[in-house]
Amino acid sequence: QVQLMESGGGLVQPGGSLTLSCVRSGSISTINSMGWYRQAPGKQRELVAEIRSGSALYSDSVKDRFTISRDSAKITVNLQMDDLKPEDTATYYCHLEYDIYATWPGGNEFNKESWGQGTQVTVSG
């Protein structure tokens with residue numbers, strides 16, 4: 001069972017910074033992507049940033065302000081958020097897409113997804 005545990009959300013003034021962290025547990029054969037999504041009240045969940053095939057991808061709204069990183073073991077993924085704006089207020093979710101290779105025929109599972117429980121980021125003041 002793959003689990004993701006987030007930390008680092010909170011209340012910050014406009015122009016401030018926060019760092020979100022996500023730690024994964026559980027067995028995985030291959031990681032396809034690790035990243036962050038967010039969902040503001042009344043809006044759909046949207047991609048913020050992810051690392052896929054070794055490259056970092058960002059939404060236009062956070063490019064040049066947010067930085068995503070992960071450790072070499074692909075256990076932890078972080079999101080450094082600078083120059084935060086009120087429109088960044090949302091619940092942020094860690095996301096993982098992965099494959100599991102089984103030892104028996106037909107047991108492989110591809111493009112599975114796991115989500116964290118979410119951490120609130122509020123930019124106000």
Side-chain touch [X]/[Y], heavy atoms, less than 4.5 angstrom:
| X | Y | value |
| --- | --- | --- |
| Glu113 | Leu96 | no |
| Val23 | Glu6 | no |
| Thr89 | Val121 | no |
| Leu11 | Ser124 | yes |
| Tyr101 | Asp99 | yes |
| Ile68 | Tyr58 | yes |
| Ser59 | Leu47 | no |
| Phe66 | Asp82 | no |

Is it the case that atom CD in Gln13 sees more than 12 heavy atoms from other parts of the structure closer than 6.0 Å?
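No, the 6.0 Å shell around CD holds no more than 12 heavy atoms from other groups.
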Could you check whether atom CG of Asp71 has more than 12 heavy atoms from other residues, nucleotides or ligands sitting under 6.0 Å from it?
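Atom CG in Asp71 is crowded, with more than 12 foreign heavy atoms closer than 6.0 Å.
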Once rounded to the nearest 0.5 Å, what's the spacing between atom [atom1] of [X] and atom [atom2] of [Y]?
| X | Y | atom1 | atom2 | answer |
| --- | --- | --- | --- | --- |
| Cys22 | Gln117 | SG | CD | 8.5 Å |
| Leu20 | Gln80 | CG | CD | 9.0 Å |
| Leu18 | Leu84 | CG | CG | 5.5 Å |
| Ile51 | Leu57 | CD1 | CG | 9.0 Å |
| Met5 | Cys94 | CE | SG | 11.0 Å |
| Thr19 | Leu79 | OG1 | CG | 8.0 Å |

Backbone N/O of Leu4 and side chain of Arg24: donor-acceptor pair under 3.5 Å
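Flag not set: sc Arg24 to bb Leu4 has no pair under 3.5 Å.
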At their closest point, which heavy atom of [X] faces which heavy atom of [Y], and how far apart are they?
| X | Y | answer |
| --- | --- | --- |
| Ala90 | Ala40 | CB-N, 3.9 Å |
| Ile28 | Tyr98 | CG2-CB, 3.6 Å |
| Pro14 | Gly125 | CD-N, 4.0 Å |

Over 60° means perpendicular and under 30° means parallel, so classify the ring planes of Tyr93 and Trp115, tilted if in between.
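The arrangement is perpendicular - the two ring planes meet at more than 60°.
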Side-chain donor-acceptor contact under 3.5 Å, Thr91 with Gln120:
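Yes, Gln120 and Thr91 have a side-chain donor paired with an acceptor closer than 3.5 Å.
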Mind checking whether Val123 and Trp36 sit in one hydrophobic cluster, side chains of I, L, V, M, F, W, Y counted as touching below 4.5 Å?
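Looking at the clustering, Trp36 is in the same group as Val123.
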So, are Asp88 and Lys85 salt-bridged, with charged N and O less than 4.0 Å apart?
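Not counted as a salt bridge, because no side-chain N and carboxylate O are separated by less than 4.0 Å.
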In sequence, state the C-alpha distance, the side-chain angles, and the governing distance for His95 and Glu50, and then conclude on side-chain hydrogen bond (donor to acceptor under 3.5 Å, both in side chains).
CA-CA 9 Å; His95 175 260; Glu50 69 173 1; 5.2 Å; no
Walk me through it: do Asn32 and Arg52 pass the test side-chain contact (heavy atoms from CB on, under 4.5 Å)?
CA-CA 6 Å; Asn32 300 325; Arg52 182 178 290 274; 4.3 Å; yes
Criterion salt bridge (Lys or Arg N to Asp or Glu O under 4.0 Å) on Glu46 and Arg38, from CA distance to verdict:
CA-CA 5 Å; Glu46 63 174 358; Arg38 68 185 180 188; 2.7 Å; yes
